[in-house]
Asker: 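Here it is, the structure in full.
Chain letters run A, B, ... following the sequence lines, proteins first, then strands; residues in each count from 1. All values below come from the heavy atoms of this structure, side chains included, with hydrogens, waters and symmetry mates left out.
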Number of protein chains: 2
Amino acid sequence: MDQNSLPPIQTTARDDAVLKALVGFVRAESLQPGERLPTERILAERLKVSRNTVREALTRWEGLGLVERRQGSGTYLKAAVSPDMLHLPLTLAGGNDFTSLMQTLEIRRALEAEAAALCAERASAADIAEIERKLDIMEQAFRTRDGMSSEEDWEFHQAIYRVSGNPLFEQIIAAMHELFHRFWEHPLGVRDFGHASFPYHRTIYERIAARDPQGARNEALKLIATVEDDLKRGAAKLKLPSRT
Amino acid sequence: MDQNSLPPIQTTARDDAVLKALVGFVRAESLQPGERLPTERILAERLKVSRNTVREALTRWEGLGLVERRQGSGTYLKAAVSPDMLHLPLTLAGGNDFTSLMQTLEIRRALEAEAAALCAERASAADIAEIERKLDIMEQAFRTRDGMSSEEDWEFHQAIYRVSGNPLFEQIIAAMHELFHRFWEHPLGVRDFGHASFPYHRTIYERIAARDPQGARNEALKLIATVEDDLKRGAAKLKLPSRT
DNA sequence: GTGTGCAGATTGGTTGGACCATTGGACCAC
DNA sequence: GTGGTCCAATGGTCCAACCAATCTGCACAC
């Protein structure tokens, strides 16, 4: 007997209905990311549900990163929504142990290399100029402070992801970036952490400017390799816990 | 002046605190996925917050797929939780439009190549035997049914991700796999979809067995390239909508 | 003019209490 | 056993109020 022919029935789903209505609203008003949605009170009134229900629905969206709430200000759209959206709530266990960081870095290596290659394929002249601008800013910050500045460095990489034409790169790497940021707060003991990666930023840029996907891919791989080395050195120094 | 030395202060974060406490509870009690957590009322009382606050926290976890709520029964743990978990709420806009699928495929290309390379570096003799077994099953299924079978094909790839030693590969690609599955349900019009990718499964295996990371990476890139070609041909045939 | 500071309105965050709908177990009649 | 009934427990929804952060605009000092 085929038990699949009797799927569980669906009864009430108030807050799901709220989200569905909200998707309709966003589309009807062509709301763009960054714009404000109606206040919770208004939504509750219009949809004829309680404010609590609206809040539960919005909380779910907030957890998925679709929306950002600012007390006293409003609720803002953070990403495009569409009726048949696919949510991938990945939850990566791990924090400051060496193994987790290494694994995260392996993912980043894969994506960084691919993004650089795609960027080299697709960059317009304007795109290349923009990347060079970010590179200059980063290099100047490096010289001024004699050390990697995660802020400007990050801006440079983000520019590459954007030019790759695929927003997923930035989404995924940005999420992992937070993990590293958390880690860098606890200084690593390796005083010149990141120094070694510095020259590869320019070589990546040069390969992109030369429209050389394979070259860009290789330079990106080298850059991540230096970060991995730094990480290993730091781990050895600190005797960082590594998971069994 | 270094603005990084002035991180935003943390004021109230009631529901985050609830989740933190809950993580502690789960660890203290060694709760496994499937087990029941305390009721909302008990949590509210113990943590000295209102039940609504508890519910907002749980709603967020529910949205992330960490817990499941059953009215009249209780709230159940659905996945392992750890104190400093990294949430990666990817939202892929749109299901069936060409652009989204291509973007997903670009991510998969990056990860597939890296996983194959790592796999070639790290595979033990037993690992290689296991991969070959999966390959044989897949090839036999291919010959029997005269076409790619997504089930056995998927098993083969999963084996590679596992041997790579990094669970993130499987997690991320598995999530995206769902998107493709949905898509393949609507047959593409390209009758021999996936046929072209078939031979590369064996070449990937051979490079892994030869402990040749760079070779494995290249073969994986070729495999994804054939899928991309199939997708493009299908899109041209169906006049699939492509986003601007 | 400029900008500084205060007051009020707006908005999300939290609370406590109430009731509904579903679930699952205990109990009972057959 | 089998099926039905009842009941306590639990998540779902609602309401009304207040708290806290934010924004807006006006008055005032310079």
Asker: Any side-chain N or O of A:Arg70 below 4.0 angstrom from OP1/OP2 of D:dA21?
Answerer: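 Answer no for this pair, as no side-chain N or O of A:Arg70 is under 4.0 Å from OP1 or OP2.
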
Asker: Between C:dG13, D:dG12, D:dC14, which nucleotide has the shortest distance from any of its atoms to the side chain of A:Glu40?
Answerer: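 So the side chain of A:Glu40 is nearest to C:dG13.
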
Asker: Between the side chain of A:Arg122 and the main-chain N/O of A:Ser164, is any donor-acceptor distance below 3.5 Å?
Answerer: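 Pair found, side chain donor or acceptor close to backbone of A:Ser164.
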
Asker: How many whole angstroms separate atom CZ of A:Arg55 from atom P of D:dA17?
Answerer: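 In whole Å, D:dA17 P and A:Arg55 CZ are 18 Å from each other.
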
Asker: Does A:Thr53 make a side-chain N or O approach to OP1 or OP2 of D:dC14 shorter than 4.0 Å?
Answerer: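 For D:dC14, OP1 or OP2 has a side-chain N or O of A:Thr53 closer than 4.0 Å.
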
Asker: Could you state the atom-to-atom distance from CZ of B:Arg36 to P of C:dG25 in whole Å?
Answerer: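 Going from CZ in B:Arg36 over to P in C:dG25 covers 11 Å.
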
Asker: Would you tell me if any nitrogen or oxygen in the side chain of B:Arg69 comes within less than 4.0 Å of OP1 or OP2 on D:dT10?
Answerer: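 No.
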
Asker: Given atom CD of A:Glu45 and atom P of D:dC15, what is their separation to the nearest angstrom?
Answerer: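 Roughly 12 Å, once rounded to whole Å.
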
Asker: Take atom CD of B:Gln71 and atom P of D:dC14, then tell me their distance rounded to the nearest Å.
Answerer: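 Distance, rounded to whole Å: 13 Å.
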
Asker: Between P on D:dG11 and CH2 on B:Trp61, what's the gap in Å once rounded to a whole number?
Answerer: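 Rounded to the whole Å, the gap is 15 Å.
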
Asker: Is the shortest side-chain N to carboxylate O distance from A:Arg133 to A:Glu130 below 4.0 Å?
Answerer: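 Salt bridge flag = yes for A:Glu130 with A:Arg133.
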
Asker: Do the side chains of A:Lys134 and A:Glu132 get close enough for a salt bridge, i.e. N-O under 4.0 angstrom?
Answerer: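 Salt bridge flag = no for A:Glu132 with A:Lys134.
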
Asker: What is the separation between atom CD on A:Glu56 and atom P on D:dC14, rounded to the nearest whole Å?
Answerer: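 So the two atoms are 10 Å apart, to the nearest Å.
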
Asker: Looking only at side-chain N and O atoms, does B:Ser73 come under 4.0 Å of OP1 or OP2 in C:dT23?
Answerer: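 Answer no for this pair, as no side-chain N or O of B:Ser73 is under 4.0 Å from OP1 or OP2.
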
Asker: Once you apply a heavy-atom cut-off of 4.0 Å, does B:Arg41 come out as touching a base, just sugar-phosphate, or nothing?
Answerer: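 The residue B:Arg41 makes base contact.
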
Asker: Identify, between B:Asn52 and A:Gly72, the residue whose nearest nucleotide on DNA chain D lies closer to the 5' end.
Answerer: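 Final value for this comparison: B:Asn52.
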
Asker: Describe, in one word, how the ring planes of A:Tyr161 and A:His157 are oriented to each other, choosing from parallel (under 30°), tilted (30 to 60°) and perpendicular (over 60°).
Answerer: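 Rings of A:Tyr161 and A:His157: parallel, as their planes differ by under 30°.
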
Asker: Please report, rounded to the nearest Å, how far the P atom of D:dA9 is from the OH atom of B:Tyr76.
Answerer: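 Nearest whole value for this atom pair: 15 Å.
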
Asker: Return the value, rounded to whole Å, for the distance between atom CZ of A:Arg51 and atom C1' of C:dT10.
Answerer: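 Rounding to the nearest Å, CZ of A:Arg51 and C1' of C:dT10 are 11 Å apart.
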
Asker: Treating A:Thr144 as the side-chain partner and A:Gln140 as the backbone partner, does any N or O pair qualify as donor plus acceptor under 3.5 Å?
Answerer: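 Between the backbone of A:Gln140 and the side chain of A:Thr144 there is a qualifying donor-acceptor contact (under 3.5 Å).
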
